[in-house]
S.K.: 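One structure follows; several queries about it will come next.
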Amino acid sequence: MDVHRCRFVPFQPSAINAVAFSHPKTRSAKQHSVARLAIGRANGDIEIWNPSSGIWLQELVIRGGKDRSVDGLVWVNEPDQDLCDGRVVIGRSRLFSIGYTSTVTEWDLEKGKPKRHASGQHGDIWCLAAQPSGDKPHVAGGVNEAQNSNKLIAGTIDGELVMYSLEDDDLRFQRVLVKSPTKKAQMVSITFQSRKVVIVGCSDSTIRAYDITRGHMLRRMTLGSDLLGGSKDIIVWSVKCLPNGNIVSGDSTGQICIWDGKTYTQAQRIQGHKSDVLSLATSADGTAIMSGGMDRRTILYKPNSAAGQRWSKVWGRRYHDHDVKAMAAFEHGRISVVVSGGPDANLMVVPLKEMGRENHRMMSNLPQQPPVTSASRARFIVSWWEREVHVWLLRKSAAELQASGEEFVDVNQNRKLLKTIVVKGDSNIASATIDPEGTLLFVSTATDVKAFHLQHNDPTKPSDVKVSNIELPDKLSQLGATQIKVSPDGRWLFAVQEGSRILMAKIQADHTSAGSAETATNLQRLSRLRRQIPRYVLNGGLGSYDRSITQITFSADSKMVAVADLAGYIDTWTLRGHEHNAQDGQETKMVDDTSVASSDNDSSEEEGEGAVDMQNRWIRNPNAKLLPKLPTSPVILSFSDYVPETDSSPNAHEDGIDDYILAAVTSSWNILAFNPRHGALSPWSRRHPRKALPAPVRDLLDLPKGIVWQGSRMWVYGVSFLLMLDMGQDLPRPSEAESGDAQLTPGTKRKRIGHTTGAGGKMERENLAPHQVRKHRADEKWEDIDVVEAPQVDDSDSDDDMADVDGELSKLRSTTTDNETTIEAKATESSTDQPRTWWITYKYRPILGVVPIDTPGQDLEVALVERPTWDMEMPEKYFAGEEWDRAN
């Protein structure tokens, strides 16, 4: 495989302004699986992450738009419902945001778009907090009052404290609680001390406590003047409350202050940073405080064991390359972490309880769904960023460059930017796709779907490509699309609207001599199988959010399509006339989805106008219901480039099945291959559960992002690795595997990565002071790991919980035949004479995406797009003392 390393593709990650956990301090095991992390970025994007088991999966990205920013996020959780039989229905979770305007927005995570907006007669909102829910109802005026979180309290730039009501599943401005006599007191940060008392940090060197029931100020705590000049006011950037009621504040002097929660007097002042303290986080039990500052440091404070409960710094380190602007803590069971972010756009996961004994973990700022695709036959690379689409051309193949005979080849001359298309509207691009010939380009946002015709013939310069708009039906474009994909033959467009609504459009483009194009499309709405999921199983109190479709893929012949959702359910459809019955091996006449009673929501229906072409309709795969639920959320779903013979019998294939190969890789690194027409696991997948994968694969922390196929080989890539697995061969048995050049002796156990609290692994040397921590060993070198053999796996390892998926998958794996066992033995005996069965390298990083570039008659070529951190623009950062001289 030839690799074109591309660093010219523009993609600028946006700064992280806000982070919030839906259940930051969960109490039950059931609630652990429902926690979500919301991240707000400066370009208006909102990301939803799942921190379950320390996997940290980016599940959803709600795109922002022009002049939009998310500067504050708040979750509101309704009370759980007890079903009185030991089962509990998790209360509904609602997400709200502010963006330095006078508007509060509620987000619909199921549809991936704003749900409602509300604003009042007040200034721009700078801080927002949700009224906490109480454990027990309290009595006021002789009437029991519910303790639900049904109020939002916001502080404005004009010094006003305002209230928004969330009752009756609504969001509306209720009233102004407090008006400041002067607009000098801007409200910058806010937190609740109790259900009635709210603490506000202001820009005039004060912290104020308000009673929201009466709307008056309880106490005004003063910080004095700035220590530098004595005249500038101190800005209280962050305030938090400990479980015992004490208040913690971080301000523009670099100090954190501890305030007595009863007397509202200052108990302690600590100089933690050399510049402003921008963010704070506290542990659930109140025994740890973390602060992040403009000096890029993250500091941990803990109380002394001596009398007086004085706090002191115990650990500090620079995890970020810029300001630590936002911070939030999450604790449950073994997981105890603090996540932070800032202008460097990286999400940092830092251990809380084990800080100083465990490493941190940096989550890449590159998205899980790569914003890059290719028109392989035209050698086009298409990338999108915000509202721009860039079309690049790779002129020569790697073989042609090597055959040129030039001593020095200027690879920069091998690329050309052909077109930059700016999409009209205020919404950022959510998805884009192009046909293999490079003639039809589709772009979707949250509000619209646009199509373009690219007219070209062996282009070498931008003027050789002419772009014209293509009109699309209103039913396709009016709701926008979260994901779109065009089939390999360019005849079908697959669109996912509002998270789970599926449309299939037939493309018939007629291009005039003038270069304009008109298209006639027949729209068909596809229905998914109805799964009877009990209410108490629904994850996170987010309704049907888990049924949101995240993966779509076409078969190589464009006659089958498959989708997968966050819950792990797979649905497949086939073009009429190409369905297959696995029981008798005969082509089956399948009824329309309109007559299938097991459809989910609405049945398939024709959404276009005109006569219905029954031979060009998509129907549900007859054996779709046989595909089992995946163990965890899928991160990759892809058909291989193998196309089965349509007129062959089921016994034509050497393994007994002649079918498509549908590969799915989950967030827990289960690699599963299905034969979708038969509704069964492939023979290779039955022989290779997760514990049979090479140890370096199972130990990968980064998640896979995509697959490129080369015959039976699947090239899987993530942000830091490129992995090859050959599904045409069996992997080495664990007992025969080697690690490097040294083979483990029989009975030797593989060194396992210890359980962590959700961040990185254990430190090499624990309990060291910060100045004693070495970033790298003296003899350590970053070398590319080209070929690695799988080390020995001990049967006593606790990987079994990840190896087996569901009972359905276990049953499917147990149906291996004698023929497959023989094949496995032969592959093991002659493994030295066969090509490599797997291979991994860490040479390329960070990887934005890998797309195929097709050259007829030559080996597979791919364009591997990298986005190194030094190519990313960042605002000026703070340097203290002599740091500027050392940096230069």
Side-chain angles (χ1 to χ4, degrees), residues 373-378 380 382 384 389 391 419 421 423 429-445 448-457 465-497 501-526 549 552-563 572-578 593 604-619 639 643 854:
T373 186
S374 68
S376 56
R377 296 171 194 166
F380 288 174
V382 178
W384 55 95
V389 180
V391 182
K419 285 295 177 182
I421 303 174
V423 178
I429 297 172
S431 181
T433 182
I434 192 171
D435 70 325
E437 303 294 340
T439 58
L440 291 175
L441 173 66
F442 297 90
V443 179
S444 69
T445 67
D448 198 5
V449 177
K450 299 181 183 297
F452 303 93
H453 172 55
L454 279 62
Q455 189 176 2
H456 58 83
N457 186 14
V465 179
K466 297 180 180 179
V467 180
S468 58
N469 294 328
I470 300 177
E471 293 186 4
L472 295 177
D474 292 339
K475 291 186 178 180
L476 174 61
S477 61
Q478 64 184 358
L479 294 178
T482 55
Q483 291 192 71
I484 54 175
K485 192 173 186 65
V486 67
S487 62
D489 61 4
R491 294 181 55 212
W492 303 96
L493 176 66
F494 192 95
V496 179
Q497 297 179 328
R501 187 175 187 266
I502 303 172
L503 285 182
M504 181 72 78
K506 184 179 180 181
I507 304 170
Q508 295 176 342
D510 299 325
H511 310 298
T512 64
S513 58
S516 62
E518 296 179 357
T519 180
T521 59
N522 291 326
L523 300 184
Q524 181 185 355
R525 184 173 176 182
L526 304 183
I549 296 173
I552 55 178
T553 181
F554 276 97
S555 62
D557 59 358
S558 305
K559 295 176 181 177
M560 179 171 279
V561 66
V563 302
T572 54
W573 297 269
T574 184
L575 199 59
R576 175 178 286 278
H578 299 278
D593 279 350
S604 293
E605 57 185 19
E606 199 73 19
E607 301 237 354
E609 296 180 358
V612 177
D613 186 359
M614 299 303 296
Q615 294 300 321
N616 286 306
R617 284 183 60 84
W618 291 81
I619 60 175
F639 278 101
V643 177
D854 186 17

S.K.: Would you confirm whether K506, through its side chain, and L523, through its main-chain N or O, come within 3.5 Å as a donor-acceptor pair?
M.R.: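 Absent.
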S.K.: Is the backbone of S487 close enough, under 3.5 Å, to the side chain of S558 for a donor and an acceptor to pair up by distance?
M.R.: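 Absent.
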S.K.: Can you find a pair of side-chain heavy atoms, one from V423 and one from K450, that are under 4.5 Å apart?
M.R.: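 The answer is yes; the side chains approach within 4.5 Å.
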S.K.: Please examine the side chains of I434 and L440, heavy atoms only from C-beta on, and report whether any two atoms are closer than 4.5 Å.
M.R.: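 No, their side chains stay 4.5 Å or more apart.
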S.K.: Could you tell me which residues satisfy ring-ring contact (aromatic ring centres under 6.0 Å, His included) with W492, sequence neighbours excluded, listed by chain and number?
M.R.: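 Testing W492 for ring-ring contact (aromatic ring centres under 6.0 Å, His included), a comparison that skips the adjacent residues, returns W618.
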S.K.: Within this structure, what is the CG-CG distance for the pair D489 and D435, rounded to the nearest 0.5 Å?
M.R.: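 Those atoms lie 9.5 Å apart.
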S.K.: To the nearest 0.5 angstrom, please state how far the CD atom of E471 sits from the CG atom of L476.
M.R.: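 Answer for the CD-CG pair, E471 versus L476, is 12.5 Å.
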S.K.: Measure across W384 and A430 and return the closest heavy-atom pair with its distance rounded to 0.1 Å.
M.R.: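 Shortest heavy-atom separation between W384 and A430 comes out as NE1-O, 4.3 Å.
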S.K.: Keeping T482 on the side-chain end and V496 on the backbone end, is there a donor-acceptor pair under 3.5 Å?
M.R.: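 Yes: the side chain of T482 pairs with the backbone of V496.
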S.K.: Spell out, as yes or no, whether a donor-acceptor pair under 3.5 Å connects the side chain of D474 to the backbone of Q478.
M.R.: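 Side chain of D474 to backbone of Q478: no pair is present.
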S.K.: Which pair of non-hydrogen atoms, one from L479 and one from R501, has the smallest distance, and what is that distance?
M.R.: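 In terms of heavy atoms, the two residues are closest at CD1-NH1, 4.0 Å.
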S.K.: May I ask you to test the M504-V561 pair for a side-chain heavy-atom distance under 4.5 Å?
M.R.: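 Side chain of M504 against side chain of V561, heavy atoms only: contact under 4.5 Å found.
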S.K.: Kindly give the heavy-atom pair with the smallest separation between Q497 and L503, and that separation in Å.
M.R.: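 The answer is OE1-CD1, 3.4 Å.
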S.K.: Has the side chain of E437 got a donor or acceptor atom that lies under 3.5 Å from a matching backbone atom of G490?
M.R.: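 Judged by distance alone, no pair lies under 3.5 Å.
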S.K.: Report yes if the side chains of I507 and F442 come closer than 4.5 Å at any heavy-atom pair, otherwise no.
M.R.: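 Result yes, sub-4.5 Å side-chain heavy-atom pair found.
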S.K.: I want to check something: taking the side chain as every heavy atom from C-beta on, are W573 and I502 in contact at a cut-off of under 4.5 Å?
M.R.: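 Counting from C-beta outward, W573 and I502 do come under 4.5 Å.
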S.K.: How long is the span from the CG atom in L575 to the CE atom in M560, to the nearest 0.5 Å?
M.R.: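 Answer rounded to 0.5 Å: 10.5 Å.
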S.K.: Minimum heavy-atom separation for I549 to Q483, with atom names?
M.R.: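 I549 and Q483 have their closest heavy atoms at O-NE2, 3.1 Å.
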S.K.: With a 4.5 Å heavy-atom cut-off, do F452 and N469 have their side chains touching?
M.R.: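 Side chain of F452 against side chain of N469, heavy atoms only: contact under 4.5 Å found.
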S.K.: Answer yes or no: is there a donor N or O on one side and an acceptor on the other, between the side chain of H456 and the main chain of K466, under 3.5 Å?
M.R.: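 No, because the side chain of H456 does not come within donor-acceptor range (under 3.5 Å) of the backbone of K466.
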S.K.: Checking T574 side chain against K559 main chain: does a donor-acceptor pair fall under 3.5 Å?
M.R.: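 Between the backbone of K559 and the side chain of T574 there is a qualifying donor-acceptor contact (under 3.5 Å).
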S.K.: Quick one: list whatever passes side chain to side chain contact (heavy atoms under 4.5 Å, CB included) with S431, sequence neighbours left out.
M.R.: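 For S431, the residues satisfying side chain to side chain contact (heavy atoms under 4.5 Å, CB included) (neighbours in sequence not counted) are S444, I484.
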S.K.: Of all the heavy-atom pairs spanning A556 and P488, show the shortest one and how long it is.
M.R.: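 So the two residues come closest at O-CB, 3.8 Å.
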S.K.: Out of the candidates V389, V449, I421, only one should pair with V443 under the side-chain contact (heavy atoms from CB on, under 4.5 Å) rule; please name it.
M.R.: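 The option that passes is V389.
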S.K.: Do F494 and F554 come within less than 4.5 Å of each other through their side chains, counting heavy atoms only?
M.R.: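 Answer yes - side chains close enough.
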S.K.: Any non-hydrogen side-chain atom of L526 less than 4.5 Å from a side-chain atom of Q524?
M.R.: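 Yes. Closest side-chain heavy atoms under 4.5 Å.
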S.K.: Distance-only, no hydrogens or angles: does the T433 side chain make a donor-acceptor pair with backbone N or O of V486 under 3.5 Å?
M.R.: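 Yes, because the side chain of T433 sits within donor-acceptor range (under 3.5 Å) of the backbone of V486.
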